[in-house]
Student: 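Below is a structure I'd like to ask you about.
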Amino acid sequence: MAQVIDGKALAASVDEHTAAEVAALVAGGGPRPGLAVVLVGEDPASQVYVRRKIAGCRKVGIASFERLLPADTTQDDLLAVIEELNADPAVHGILCQVPLPPHIDQGLVLDAIHPDKDVDGFHPVNVGRLSTGTGGIVPCTPLGVMMLLDSVLPDLMGLDVVVIGKSNIVGKPIAMLLLEREATVTVTHIHTKGLPAIARKADVIVAAAGAPELVRGDWVKPGAVVIDVGITRVPGANGKDRLVGDVAFAELDHARAVTPVPGGVGPMTIACLLSNTVKAARAAAGERVMEAAEL
Ligand code: NAD
């Protein structure tokens, strides 16, 4: 039987650590970390994500600032909100929930978030820092994937890892983090030829394609570790939607360890967002201390 990696339990322990960090920061005279969440429009899935993020903040003692804007908000008005949050010293992290309505240039808005407050890690400055291994804020889902991997396989040096999916927010940053850990990384995508044979050679598979149960049992070599990032909503038997991952979980008995969907990568994403917000607050506090020392 493969070990089922419990993302909920790991996320709870990350949250515990984050809450302790917040308490220590505040007790030491530092700022209370603050996260601003910007939502444009009323997309029901986005509303759920935003509510979860706000609830997460409450749980660990992070102050949250909600900016719920109507769907017809202009790009300029949204950019003005971002500028205001960039300048607000109580806000250490800014998250703009995507997708944005089609009349808004998403890239332009995400690039307007100050890199030091970009707790999603999507800003080109943070992407550059990640790809050069020079710090910066690491995107939440990839960071969560690395923590899940660490919980079963702390030494990745020299291992063959296949990443399925090459998106800017999941596949590519995961590949960069794995390279930093000296793994041998193969990044694959929809046009990759012979994917099952490539996957079969891997010590670790990270599936982030958004293709339900793409990775079958015979794609996975015995003893491999499989991290399933994919989440697709499909109609269930009882008329209610159910969430399906990119991996045929029931066929993976011969794997060493595998993450479930739900309950694997998903819970780690918010935990990492909260942890990134505290890191940003600490960096801001540190910078102020340095600035004061220089005067
Ligand atoms: P995306 O659509 O931007 O990218 C998907 C990538 O997978 C592309 O590079 C594409 O070429 C590749 N791909 C698609 N079908 C494939 C196939 N059949 N074979 C090989 N490669 C294939 O998606 P994304 O934003 O990177 O998200 C990927 C999945 O991860 C989605 O299911 C998404 O819901 C999920 N996700 C989960 C979390 C989380 O918190 N758990 C966070 C972000 C994304």
Side-chain angles (χ1 to χ4, degrees), residues 5-40 45-69 81-98 110 113-123 126 135-148 150-151 169 262-292:
I5 308 171
D6 187 344
K8 263 193 194 166
L10 187 57
S13 76
V14 172
D15 281 349
E16 223 172 273
H17 179 75
T18 302
E21 270 193 303
V22 171
L25 189 63
V26 173
R32 177 168 296 282
L35 175 68
V37 184
V38 182
L39 174 63
V40 183
S46 293
Q47 284 176 328
V48 171
Y49 293 139
V50 164
R51 272 201 295 274
R52 282 194 199 146
K53 287 165 188 173
I54 301 288
C57 285
R58 286 211 187 97
K59 205 162 64 180
V60 299
I62 292 176
S64 58
F65 307 90
E66 269 175 274
R67 293 301 182 92
L68 306 179
L69 308 173
V81 169
I82 300 287
E83 272 320 306
E84 192 194 309
L85 296 170
N86 278 340
D88 186 342
V91 172
H92 305 100
I94 304 170
L95 183 145
C96 188
Q97 188 68 43
V98 292
L110 297 182
I113 296 173
H114 192 287
D116 294 344
K117 296 192 177 190
D118 165 42
V119 280
D120 258 336
F122 294 162
H123 192 283
N126 285 317
I137 301 177
V138 176
C140 306
T141 300
L143 184 57
V145 166
M146 296 308 289
M147 288 181 179
L148 289 162
D150 275 338
S151 73
I169 59 168
V265 175
M268 289 299 292
T269 298
I270 293 186
C272 289
L273 169 72
L274 303 175
S275 158
N276 275 352
T277 303
V278 176
K279 273 186 213 149
R282 288 172 63 151
E287 275 163 25
R288 273 204 293 281
V289 171
M290 273 165 59
E291 275 165 16

Student: A side-chain contact here means heavy atoms from C-beta on lying under 4.5 Å apart; do R32 and V22 qualify?
Tutor: yes

Student: Got L274 and K59 here, is their nearest side-chain heavy-atom distance under 4.5 Å?
Tutor: no

Student: Could you measure the distance from the CZ atom of R282 to the OG1 atom of T277? Nearest 0.5 Å is fine.
Tutor: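 Those atoms lie 13.0 Å apart.
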
Student: Calculate, to the nearest 0.5 Å, the distance between atoms CG and CG belonging to N126 and D116 respectively.
Tutor: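 CG of D116 is found 7.5 Å from CG of N126.
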
Student: Could you give me the CA-CA distance, side-chain angles and deciding distance for S275 and T18, then say whether side-chain hydrogen bond (donor to acceptor under 3.5 Å, both in side chains) is met?
Tutor: CA-CA 6 Å; S275 158; T18 302; 4.6 Å; no

Student: Is the CZ atom of F65 crowded by more than 12 outside heavy atoms at less than 6.0 Å?
Tutor: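 It does: F65 CZ has more than 12 such atoms within range.
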
Student: Working to the nearest 0.5 Å, report the span between CG of D15 and CE of M268.
Tutor: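 If we round to the nearest 0.5 Å, D15:CG and M268:CE are 9.0 Å apart.
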
Student: Tell me, yes or no, whether the heavy-atom count around E84 atom CD, taken from other residues, nucleotides or ligands under 6.0 Å, exceeds 12.
Tutor: yes

Student: So which atom in P31 and which in A281 form the shortest heavy-atom distance, rounded to 0.1 Å?
Tutor: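 Nearest pair, atom of P31 first, then A281: CG-O, 4.2 Å.
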
Student: Which atoms form the tightest heavy-atom contact between L35 and C57, and what is the distance?
Tutor: CD2-SG, 3.6 Å

Student: Given side chains that start at C-beta, do those of P139 and I169 come closer than 4.5 Å, heavy atoms only?
Tutor: no

Student: Considering all heavy atoms of both residues, which atom of N86 and which atom of H114 are nearest to each other, and what is their separation?
Tutor: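 Residues N86 and H114, closest heavy atoms: OD1-N, 3.0 Å.
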
Student: Got K279 and I137 here, is their nearest side-chain heavy-atom distance under 4.5 Å?
Tutor: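 The answer is no; the side chains never approach within 4.5 Å.
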
Student: Could you measure the distance from the CD1 atom of I82 to the CZ atom of R67? Nearest 0.5 Å is fine.
Tutor: 9.5 Å

Student: For the atom pair CD (E66) and NZ (K53), what is the distance rounded to the nearest 0.5 Å?
Tutor: 12.0 Å

Student: Nearest 0.5 angstrom please: I94 CD1 to D118 CG, how far?
Tutor: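 I94 CD1 to D118 CG: 9.0 Å, rounded to 0.5 Å.
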
Student: Using modelled atom types only, decide if a donor and an acceptor are shared between the side chain of N276 and the backbone of V138 within a distance under 3.5 Å.
Tutor: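 Checked: pair present.
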
Student: Do L85 and K117 have side chains that get closer than 4.5 Å, going by heavy atoms?
Tutor: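 With C-beta onward as the side chain, the pair stays apart.
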
Student: Looking only at heavy atoms, which two atoms of H92 and P33 are closest? And how far apart?
Tutor: ND1-CA, 3.4 Å

Student: Would you check, one step at a time, whether the test side chain to side chain contact (heavy atoms under 4.5 Å, CB included) holds for C272 with T141?
Tutor: CA-CA 7 Å; C272 289; T141 300; over 6 Å; no

